[in-house]
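What follows is a single structure, written as structure tokens, with notes after it.
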There are 2 protein chains.
Amino acid sequence: MTSSPSGTPHGAPRAASGPSRAARGDLFDPACPTRRLLDRIGTKWTSMAVKVLAEAEPEEVRFAELQRRMPGISQKMLSATLQALHRDGLVSRRVEPTVPPRVHYRLTPLGLSLEVPLALLRTWAEEHMPEIDRAQRREEAARTPE
Amino acid sequence: MTSSPSGTPHGAPRAASGPSRAARGDLFDPACPTRRLLDRIGTKWTSMAVKVLAEAEPEEVRFAELQRRMPGISQKMLSATLQALHRDGLVSRRVEPTVPPRVHYRLTPLGLSLEVPLALLRTWAEEHMPEIDRAQRREEAARTPE
DNA sequence: CGGTATCCCCCATGATACTG
DNA sequence: CAGTATCATGGGGGATACCG
């Protein structure tokens with residue numbers, strides 16, 4: 001996604017006391033929380049992983065089980081997605097020191113709290129994507145009357 | 001973002017009567033509404049554009065004005081972002097046939113409805129990104145004790 | 001003014017293979 | 001089982017220049 005080189009924001013934090021730049025919109029802050037969040041959940045498998053883990057609550061889910069519940073994902077991407085979520089404190093990781101090892105994943109309270117706005121976004125998507133599709137077809141039809 | 005080549009979903013529609021694939025999770029549908037939505041609002045400037053337009057409501061906003069309110073965006077990306085939003089039926093476009101032309105943008109009712117879940121996501125981001133940052137620093141510290 | 005057209009870089013993702 | 005390593009790609013996005 002957006003990546004990070006020369007990132008740009010919006011909805012920056014209201015810290016800085018001086019109303020100087022806050023006055024003109026204060027959107028220069030390179031660390032806009034919303035953009036950063038979207039950079040994470042916007043990644044291909046992240047929102048799906050959160051959903052699957054949320055549905056499993058309060059059970060933990062193992063790596064292979066996650067992969068089965070996320071059809072199409074490769075080991076590499078599942079691993080990368082889970083690492084990112086874990087780094088961000090959204091997912092906990094528990095390793096059973098057996099051999100072969102068993103690794104269990106679960107949403108943290110923080111991850112669970114993210115599920116709330118994410119679920120609303122899903123609801124909106126399921127309710128309105130058909131409208132977007134119709135709009136696209138109308139546009140295409142309007143641009144291709146040749 | 002994710003793009004589309006060999007896309008994969010989650011939260012697919014519940015149409016198909018046959019419980020065949022719905023049974024094992026029905027996540028093969030290449031048109032998961034949530035992923036598709038995130039592919040759109042996840043792009044760098046889209047959510048910011050929606051926010052700026054929402055804040056301007058019920059006023060329209062002109063191209064140059066939008067650019068001023070989205071510091072850092074180039075003409076190219078602003079144009080591309082607005083085109084995408086317009087194609088999707090989230091933004092309306094009105095051209096004054098003057099010379100030079102004046103183009104006005106505004107959220108459609110659909111775009112405005114998207115603002116709701118988006119605003120909640122922003123709220124979550126502003127409230128919890130600091131926690132994520134702390135989690136990251138803890139992780140880094142834990143991995144660099146050498 | 002409000003765009004398009006070009007050139008270029010980078011990173012997310014996929015495919016495949018290997019390992020503790 | 002649960003990953004990591006490597007290679008290849010494609011499209012998002014920045015910079016710059018030109019246009020009706």
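Throughout, a chain's letter reflects where its sequence line sits, starting with A, and its residues are numbered from 1.
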Given C/dT13, is OP1 or OP2 found less than 4.0 Å from the side-chain N or O atoms of A/Thr43? yes
Closest heavy-atom contact between B/Met48 and B/Pro71? CE-CD, 3.9 Å
In whole angstrom, give the distance that lies between atom CZ of B/Arg40 and atom P of D/dG11. 15 Å
Nearest to the A/Lys44 side chain among C/dT13, D/dA2, C/dG2, which nucleotide is it? C/dT13
Check residues 93-102 of chain A and write down every donor-acceptor pair under 3.5 Å in which the side-chain atom is one partner and the other belongs to a residue at least two apart or another chain.
residue	atom	partner	partner atom	Å
A/Arg93	NH1	A/Tyr105	OH	3.1
A/Arg94	NE	A/Glu60	OE1	3.1
A/Arg94	NE	A/Glu60	OE2	3.0
A/Arg94	NH2	A/Glu60	OE1	2.6
A/Glu96	OE2	A/His104	NE2	2.7
A/Thr98	OG1	A/Pro100	O	2.8

Atom CZ of A/Arg94 and atom C1' of D/dA2: how far apart are they, to the nearest Å? 15 Å
Between P on C/dA12 and CG on A/Leu38, what's the gap in Å once rounded to a whole number? 15 Å
Expressed in angstrom and rounded to an integer, what is the separation of B/Leu82 atom CG from C/dC1 atom P? 16 Å
A/Met129 meets the side-chain contact (heavy atoms from CB on, under 4.5 Å) criterion, sequence neighbours left out, with A/Ala125, A/Ile132, B/Pro33, B/Arg36, B/Leu37, B/Arg40
Which whole-number value in Å describes the distance from A/Met77 CE to D/dA2 P? 18 Å
Given A/Ser92, which of A/Leu107, A/Thr108, A/Leu85 fulfils the side chain to side chain contact (heavy atoms under 4.5 Å, CB included) condition? A/Thr108
Using whole Å, report how far CZ of B/Arg35 lies from C1' of C/dA12. 11 Å
Under a 4.5 Å side-chain heavy-atom rule over Ile, Leu, Val, Met, Phe, Trp and Tyr, are B/Ile41 and A/Leu120 clustered together? no
Answer yes if the side chains of B/His86 and B/Gln83 hold a donor-acceptor pair under 3.5 Å, and no otherwise. no
Could you tell me whether the phosphate oxygens of C/dG3, OP1 or OP2, come under 4.0 Å of any side-chain nitrogen or oxygen in B/Arg93? yes
Provide the closest heavy-atom pair for A/Ser74 versus A/Gln67 in the form atom of the first, atom of the second, distance. C-NE2, 3.7 Å
Answer yes or no: does a side-chain N or O of B/Arg62 lie under 4.0 Å from OP1 or OP2 of C/dG2? yes
Using only side-chain N and O atoms of A/Tyr105, determine if any of them is under 4.0 Å from OP1 or OP2 of D/dG3. yes
Of A/Ala64 and B/Pro101, whose closest DNA chain D nucleotide lies nearer the 5' terminus? A/Ala64
Spacing of B/Leu66 atom CG relative to C/dC1 atom P, expressed in whole Å: 14 Å
Spacing of B/Leu78 atom CG relative to D/dA15 atom P, expressed in whole Å: 15 Å
With the criterion being N/O to N/O and under 3.5 Å, what pairs connect the protein with nucleotides 4-7 of chain C, and how long is each?
residue	atom	partner	partner atom	Å
C/dT4	OP1	B/Gln83	NE2	2.9
C/dT4	OP2	B/Ser79	OG	2.9
C/dT4	OP2	B/Gln83	NE2	3.0

